[in-house]
Amino acid sequence: MTFDTVNLIPVLPEILILILASAVLLVDLYVKEAEKGTLHTLALIGVALALAATLLVGGGERQVVLEGHYVRDALSDALKAMILIVGLLVFVYSRDYLRDRGLATGEYYALALFALLGMMVMVSANSFLAIYLGLELLALCLYALVAFDRDSQRGAEAAMKYFVLGALGSGMLLYGISMIYGATGSLALDEVAAVVAEQGLENLVLVFGLAFLVVGIGFKFGAVPFHMWVPDIYEGAPTPVVLLLGSAPKIAALALAVRLLIDGLGGLQSDWQGMLVILSVLSMGLGNLLAIAQTNIKRMLAYSTISHVGFIFLGLLAGTADGFAAAMFYAIVYAMMAAGAFGILLILSRRGFDAEHLDDLKGLNDRDTWYAAVMALMMFSMAGVPPFVGFMAKLFVLKAVVDIGMTWLAIVAVFFSIIGAFYYLRIVWLIYFDKPTTDAPLTDSGGVRVAMSLNGLAVLGLGLFPATLLAICQAAFL
Amino acid sequence: MPIAAIILLPLLGAALPPLVARHGRPAPAWAAALVTSAALAITLWLTPQVLAGGEIHSHRDWIPLLGLSLSFRLDGLALLFVLLITGIGLLVFLYAFYYLPAKDGLGRFYALLLLFQGAMLGIVLSDNLLLLLIFWELTSLSSFLLIAYNPQTRVARQGARMALAITAGGGLALLAGFLLLGAIVGSFELSVVLASGDLVREHPLHLPALLLILAGAFTKSAQFPFHFWLPNAMSAPTPVSAYLHSATMVKAGVFLLARLFPVFSGTETWFYLVGGVGMFTLLFGAYIAIFKHDLKGLLAYSTISHLGLITFLFGLGTPLGAVAALFHVGNHAVFKASLFMAAGIIDHETGTRDMRQINGLWRFMPYTATLAMVAAAAMAGVPLLNGFLSKEMFFAETVHTDWLGPLNWLIPTAATLAGIFAVAYSMRFIHDVFFNGAPIDLPRTPHEPPFWMKIPVAVLVAACLLIGIVPAQTVRPILDVGVDSLLGFSPDFSLAIWHGLSLPFLMSLIALLGGLALYSQRQRLFAAHDRYFPRTSGAAAFQYTVLRVRQLANDLIARIDNESLRRYVAWLIGTTIVLAATPLLLGDFHLAGERAPTPLDGIAATILLVLAVATLATVRVRRQRLRALIVISLVGLMVTLTFIHFSAPDLALTQLSVELITTVLMLLALFFLPGDPALSVSRWRHRRDLTLAAVAGLGTAIVAFALMTRTTPSISDYFLAFSKPFGGGQNVVNVILVDFRGLDTLGEITVLAIAATAIVALLWRLRLPIRAGDPTGRPWADDRHPLIMAAMSRPLLPLALTVAVFILLRGHNSPGGGFIAGLVAAVGLILQLLASGLAWTEARLRVSYFALVGVGLLLAAATGLGSLAFDRPFLTSATLHPHVSILGDLELASALAFDIGVFLVVLGTVMLILEGLGRLNRPGAANMSPRGED
């Protein structure tokens with residue numbers, strides 16, 4: 001095996017994150033307890049550098065490197081940049097929470113950075129091997145992070161469930177991959193695609209493999225009926241971890257689906273389309289319906305995630321370039337909204353108190369008008385109310401579905417979002433029209449307010465001017 | 001883009017009032033008025049052009065992919081609405097300044113009003129369906145914030161909540177409808193859609209599209225059965241009611257009916273749906289309004305009723321119906337806004353809105369009373385006022401309707417009845433409030449409001465009179481172009497006040513007299529209403545629905561998401577089975593591939609049989625752990641035999657030693673497990689798990705069968721061919737490990753080393769409770785290390801180590817290798833640990849296992865790096881053939897050094913783990929660090 005430096009340039013962002021994660025581990029050994037803030041700074045600088053590197057090496061022709069296992073194209077550029085941006089938000093929002101609880105240790109930062117690395121690998125993978133590598137890197141870090149607060153019994157239980165189910169999900173995916181490898185004799189996505197185009201639906205093994213892949217993808221996305229881990233993990237894990245786990249990995253999961261289903265098994269579209277329709281309808285329906293009954297906001301947002309996954313699937317199953325672009329747009333937008341919503345929960349939490357219940361949001365407006373406005377913005381956007389970006393995202397996927405003649409599906413989707421609107425708006429009511437249950441002041445520092453403002457403005461601004469982001473998404477599927 | 005400016009002015013101008021709020025209380029109001037005036041001025045500047053019959057369009061792409069563009073059109077219909085929105089808006093701004101408590105800052109309020117105004121203007125000016133929808137939802141949003149502007153009470157919050165839920169939900173239905181309409185027509189541009197009426201009406205998706213769009217329109221315009229949000233929204237500040245709930249937002253629905261009139265009207269469905277709902281709402285609203293004791297409640301139901309009237313007129317689908325509808329839109333806005341303002345003044349001055357308390361206000365506020373009475377008369381349809389004219393046209397239209405055939409007479413009758421009700425509630429507004437004795441227990445002593453607060457009311461009432469007396473000179477031109485934009489032509493209609501003694505006039509007369517009569521009998525009517533009218537309301541139904549949906553959600557949660565891992569796994573596996581089985585069952589596939597099955601020989605059959613029996617036996621005795629462990633090691637042995645049978649000695653050797661070590665590991669762990677696992681599993685769950693396991697097993701078998709009967713490309717030929725020339729060894733397995741996939745192996749042993757370190761760290765100073773005896777209560781044996789066993793095990797150690805070295809050295813060409821050798825050596829050492837105890841072994845074996853692992857890793861890595869020195873890629877192997885006496889021809893590959901590294905790491909790792917676990921077994925002993933560390 002030989003390494004060529006030219007080969008490594010497109011991988012520069014990943015290399016930077018890897019170096020950074022290792023550096024954090026090392027530095028952690030030598031800094032004093034009181035100076036753990038250094039790690040935070042280090043992580044921020046590193047992610048920002050990786051972001052700059054992504055933009056620097058990005059653009060231009062598609063490059064396949066590392067023996068065909070790795071690809072840098074318009075899709076990977078955009079998704080990586082978004083993952084890193086969301087990653088920055090995650091670090092900024094989480095700092096106070098972690099510091100107050102003594103959790104701001106090197107392990108947290110290292111694990112989070114390795115998780116980011118895993119996502120980036122998934123995004124740029126061009127073979128089953130690389131996909132799986134990234135996926136597991138991400139998953140293992142997340143398992144550990146869920147159990148990160150070692151004194152939390154709920155966290156331990158959640159991590160246990162996550163691990164058992166996650167291992168099962170990964171196992172299914174691997175099983176599917178092995179069958180497809182058996183049928184096509186290759187792990188490289190383009191070669192698989194070529195063989196699939198030739199054999200198509202006649203090969204039973206391929207079709208079996210596909211079913212297992214869909215199970216794996218459904219699991220990683222948290223689509224019904226593979227969604228069970230989502231609410232329990234959201235509820236049990238520490239909020240900063242939920243913030244990390246609920247935002248950027250959606251983008252990575254989208255990449256997973258795109259790479260596997262479109263780049264690899266595009267020839268079997270008629271098969272996976274039907275499966276995705278079922279998963280999508282179930283996710284939208286159950287997710288929205290069950291969210292209504294929740295009193296724990298983390299759990300509610302978990303079900304909300306599930307319903308949004310249904311929408312992302314709508315775009316994917318459309319099977320057109322516009323549909324894929326719409327799904328990508330949706331995933332990116334969702335990650336931003338989720339980051340904002342969980343960020344607010346982190347701001348509301350303080351030493352010895354976690355904002356977890358809907359009641360904790362009561363009267364937020366009286367406590368801090370600006371954060372209340374941002375949270376309302378996020379909720380309106382998630383509900384799909386114009387002119388926020390969530391509406392645009394919904395519109396894109398709906399349009400894609402209508403364009404392929406599945407109008408009934410679009411109507412079903414709209415129906416469920418009416419139900420969904422109900423619980424998002426309930427949060428807005430709580431924020432504005434109820435009296436606060438506590439008068440503890442909101443503390444924030446370290447640019448949290450700036451980051452949150454930018455996050456909120458992005459949700460508003462992208463709603464009014466979605467063209468640029470949309471163009472980026474479309475360019476990824478030319 | 002002057003049209004866009006009309007919308008953008010208030011939308012962007014909304015930022016202005018909060019900015020200037022610190023310059024005194026009037027500043028925000030002035031700012032808002034300025035912005036709206038500017039928008040109005042632009043409209044007026046464009047008006048002549050529109051009146052001359054010219055539609056003004058502007059177009060700009062926004063998101064071409066969606067077909068969403070910034071297209072605007074100013075035609076007659078839009079002009080009418082823009083004038084209403086901006087004109088009444090200005091009056092409301094003036095009124096609100098005096099209405100709102102002096103202590104309130106007005107910045108936010110005016111900002112919200114402007115935002116709403118901009119959104120409303122957007123609806124009426126949009127020339128693109130999706131754009132219209134965006135503005136539509138914006139009105140819901142801004143109106144929500146306005147209704148809830150001052151949420152003092154629970155009722156107010158609930159009202160705002162309900163209003164938002166209904167209208168925003170309706171908006172989403174509208175979205176679906178527009179998507180369908182866009183799919184039918186192929187464009188979201190209104191100009192295109194309006195020209196495709198025939199296409200739409202004949203399309204199979206016509207009905208769903210129509211239903212969804214009507215759902216949007218009816219929710220917004222408070223038509224039955226969605227009407228209930230409007231009365232509940234009356235908790236809003238009165239200026240908001242005057243603006244939103246009379247003149248603008250509730251008119252958005254009927255505006256939509258008007259806008260899409262050319263596309264949908266004229267079909268039977270349209271008549272029955274729109275006309276039917278409109279007529280029912282008209283009657284129902286008018287009837288309920290009579291019984292409302294709350295002033296604003298009365299006005300709200302009256303609004304519902306009038307909106308029903310307009311909806312009915314559009315439903316008729318006739319040109320004159322459209323004229324009357326448009327006319328009434330304007331008239332209703334004018335008189336209802338003034339009535340709301342009057343109600344607000346009364347509320348403001350008396351402190352209550354309850355008509356049972358408010359009586360005889362004429363003496364306290366004659367001016368306001370006069371204005372309010374004129375407006376109420378317009379609402380009742382008294383001649384010389386604007387309400388009369390449009391109502392007369394409405395009556396005329398009902399007479400000419402022949403949709404119902406022989407039952408045609410029903411329509412004018414119902415219309416007259418509604419007229420009677422309308423007169424009755426208008427009378428109530430006039431008589432009950434301003435006359436009817438003296439006020440009862442008013443919180444405040446009423447008097448005339450500030451002069452400028454009456455001005456907006458006066459202006460509107462003047463408009464009522466003006467339009468009512470000289471309609472042709474005032475509203476005719478706008479009405480002409482308005483209808484023209486609906487129909488494409490302006491029908492011949494007369495706006496004269498006096499049409500002669502016609503049937504419609506007779507109906508008006510009956511309505512007036514009947515209404516007066518009804519009002520005079522009101523006490524009896526109230527009693528009858530209380531007794532007989534069903535106590536259900538839309539709001540209650542809404543709450544009930546919400547409750548039921550929640551219940552459903554809770555049921556589902558109990559059923560699906562009960563946080564049980566076992567159930568989750570069952571779902572996951574079950575769904576996977578379904579997904580994988582579907583293509584097999586539905587598709588046209590041959591399960592068996594092209595390869596003929598290998599013939600079954602006796603040995604294989606025996607192995608399979610034992611394997612199956614052992615597996616079943618393990619399941620059977622799973623509760624008795626020791627026994628289960630013994631039986632399951634039988635499974636492992638059978639797998640080993642299978643490997644041997646299929647000529648894979650390396651695998652067999654590895655499997656055998658791994659099997660041994662894991663069994664020992666599990667035995668050590670067993671010691672710490674709690675006693676009898678007395679899990680009680682319900683019979684049902686037991687069956688479910690059994691079925692699931694059986695089906696999953698069967699599925700796996702099917703998949704395996706399908707896979708193995710197919711030829712798949714194989715890479716084994718490559719390795720067989722190149723193992724010797726490239727790797728310098730004949731044992732392909734070993735060559736793969738140390739050469740072809742050397743990097744993988746290096747990674748693997750690194751992981752092993754890390755795992756060992758982690759396990760040691762986990763077990764570090766761990767104390768576990770140790771039971772005194774086994775689960776049945778028998779104490780452990782006294783003799784921890786039986787002598788015979790110790791004695792027998794000792795000679796085995798040198799043997800095992802010799803075998804290990806042998807296997808290690810020959811590995812490159814014959815079965816063997818570092819990995820297996822490491823395991824074998826470990827087995828020998830474990831034997832000593834078990835037989836003679838930890839202390840004994842430790843005393844004799846002075847090796848740090850950590851050092852073993854470290855040296856092994858370094859050795860392996862160094863071998864790899866060595867090849868770099870010869871300018872070869874990392875981990876390329878080199879071969880030497882030295883001739884040593886005694887041993888004969890030795891073939892020393894550099895891979896051997898690598899293999900020794902592997903050997904050391906494996907040995908060290910296994911020992912570290914087992915020793916760590918073994919330490920736990922010593923009663924009362926805390927786990928100390930392994931030797932060489934502590």
Side-chain angles (χ1 to χ4, degrees), chain A residues 1-2 160-161 164-165 168-169 172 179 182-183 185 201 204-205 207-208 211-212 214-215 219 225-226 228-229 231-232 271 275 286 289-293 322 380 383-387 391-392 395-396 398-399 402-403 407 410-411 414-415 417-419 421-422 425 429 432-433 466-467 470 474, chain B residues 62-63 65-66 68 130 133-134 137-138 140-141 148 151 157 160-161 164-165 168-169 172-173 175-176 179-180 182-183 205 208 212 546 549-550 552-554 556-557 560-561 563 565 567-569 571-573 575-576 579-580 582-584 587 589-591 703 706-707 710 712-713 743 873-874:
Chain A
M1 178 174 276
T2 49
M160 172 75 189
K161 281 181 183 164
V164 171
L165 292 169
L168 204 55
M172 300 284 186
M179 280 185 231
L201 299 172
L204 179 63
V205 178
V207 179
F208 271 146
F212 285 97
V214 170
V215 171
F219 182 86
F226 311 112
M228 272 83 171
W229 58 276
D232 288 7
D271 261 75
M275 299 187 197
L286 221 58
L289 212 55
L290 296 196
I292 294 177
D322 281 348
F380 279 131
V385 177
F391 167 76
M392 288 297 171
L395 207 54
F396 289 138
L398 289 178
K399 176 83 170 21
V402 170
D403 279 348
T407 11
I411 293 178
V414 170
F415 173 74
S417 37
I418 295 179
I419 297 180
F422 187 82
L425 299 180
W429 300 323
Y432 279 97
F433 307 131
L470 183 68
Q474 281 179 306
Chain B
W62 185 9
I63 307 167
L65 171 72
L66 283 179
L68 173 55
L130 292 179
L133 182 93
I134 291 177
E137 291 289 48
L138 253 182
S140 298
L141 208 65
R157 292 199 300 268
R161 185 185 295 197
L164 182 64
L172 284 171
L175 167 63
L179 282 176
L180 285 188
L205 285 175
L212 286 165
V546 170
V549 172
R550 278 199 179 194
L552 175 69
N554 278 323
L556 275 175
I557 285 175
I560 302 173
D561 284 344
E563 305 190 21
L565 182 59
R567 191 176 294 195
Y568 294 172
V569 173
W571 268 104
L572 188 60
I573 293 179
T575 320
T576 310
L579 273 188
T582 317
L584 185 65
F589 291 113
H590 294 291
L591 194 54
V703 173
L707 263 173
R710 283 168 167 76
T712 48
L743 199 59
F874 188 63

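Reminder, nothing fancy here: chain letters follow the sequence lines and each chain counts from 1.
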Chain B shares the most heavy-atom pairs under 4.5 Å, among A/V214, A/T407, A/D403, with A/T407
When the 4.5 angstrom heavy-atom criterion is applied to B/L579 and chain A, the contacting part is both
Rounded to the nearest 0.5 Å, the CZ atom of A/F380 sits from the CD atom of B/E137 at a distance of 10.5 Å
In terms of heavy-atom pairs under 4.5 Å with chain A, the winner among B/L707, B/L138, B/I573 is B/L707
Note: B/L172 and A/A421 closest approach over all heavy atoms is CD1-CB, 4.5 Å
Closest non-hydrogen atoms of A/A293 and B/N554, given as atom of the first, atom of the second and distance, are CB-OD1, 3.3 Å
The reported gap from CG in B/L556 to CG in A/L289 (rounded to nearest 0.5 angstrom) is 5.5 Å
Derivation of the side chain to side chain contact (heavy atoms under 4.5 Å, CB included) call for B/T582 and A/M275 = CA-CA 10 Å; B/T582 317; A/M275 299 187 197; over 6 Å; no
- Query: Is it true that atom CH2 of A/W429 has more than 12 heavy atoms of other residues, nucleotides or ligands lying nearer than 6.0 Å?
  - Reply: yes
d(A/L168 CG, B/T576 OG1) to nearest 0.5 Å is 7.0 Å
Residues passing the side chain to side chain contact (heavy atoms under 4.5 Å, CB included) test with B/A173, sequence neighbours excluded, are B/L212, B/A215
Chain B shares the most heavy-atom pairs under 4.5 Å, among A/M392, A/K161, A/M172, with A/K161
One should read off an interatomic distance between B/L68 CG and A/K399 NZ, to the nearest 0.5 angstrom, of 10.5 Å
Whatever's closer than 4.5 Å to a heavy atom in chain A on B/I557 counts as both
The interface call for B/L572 against chain A, heavy-atom contacts under 4.5 Å, is both
Those residues at least two apart in sequence (or on a different chain) that pass side chain to side chain contact (heavy atoms under 4.5 Å, CB included) with A/D322 are A/T320, A/Q474, B/L65
Bottom line for A/F391: the part with an atom under 4.5 Å from chain B's heavy atoms is side chain
Interatomic distance, CG@B/L179 vs CG@A/L398, rounded to 0.5 Å, equals 5.5 Å
| request: Compare all side-chain heavy atoms of B/Y568 with those of A/D232 and state whether any distance is below 4.5 angstrom. | output: yes
Here the gap from A/L165 atom CG to B/L565 atom CG, rounded to the nearest 0.5 Å, amounts to 5.0 Å
Between B/A580 and A/F208, the two heavy atoms sitting closest are O-CE2, 3.4 Å
So, the part of A/L395 with a heavy atom under 4.5 Å from chain B: the answer is both
Note: B/L141 and A/P386 closest approach over all heavy atoms is CD2-O, 4.2 Å
When the 4.5 angstrom heavy-atom criterion is applied to A/F396 and chain B, the contacting part is both
Most heavy-atom pairs under 4.5 Å with chain B, out of A/A410, A/P466, A/A291, belong to A/P466
Here the pair of heavy atoms bringing B/G169 nearest to A/I418 is O-CD1, 3.5 Å
If one checks every heavy atom of A/L290 against chain B at 4.5 Å, the contacting part turns out to be both
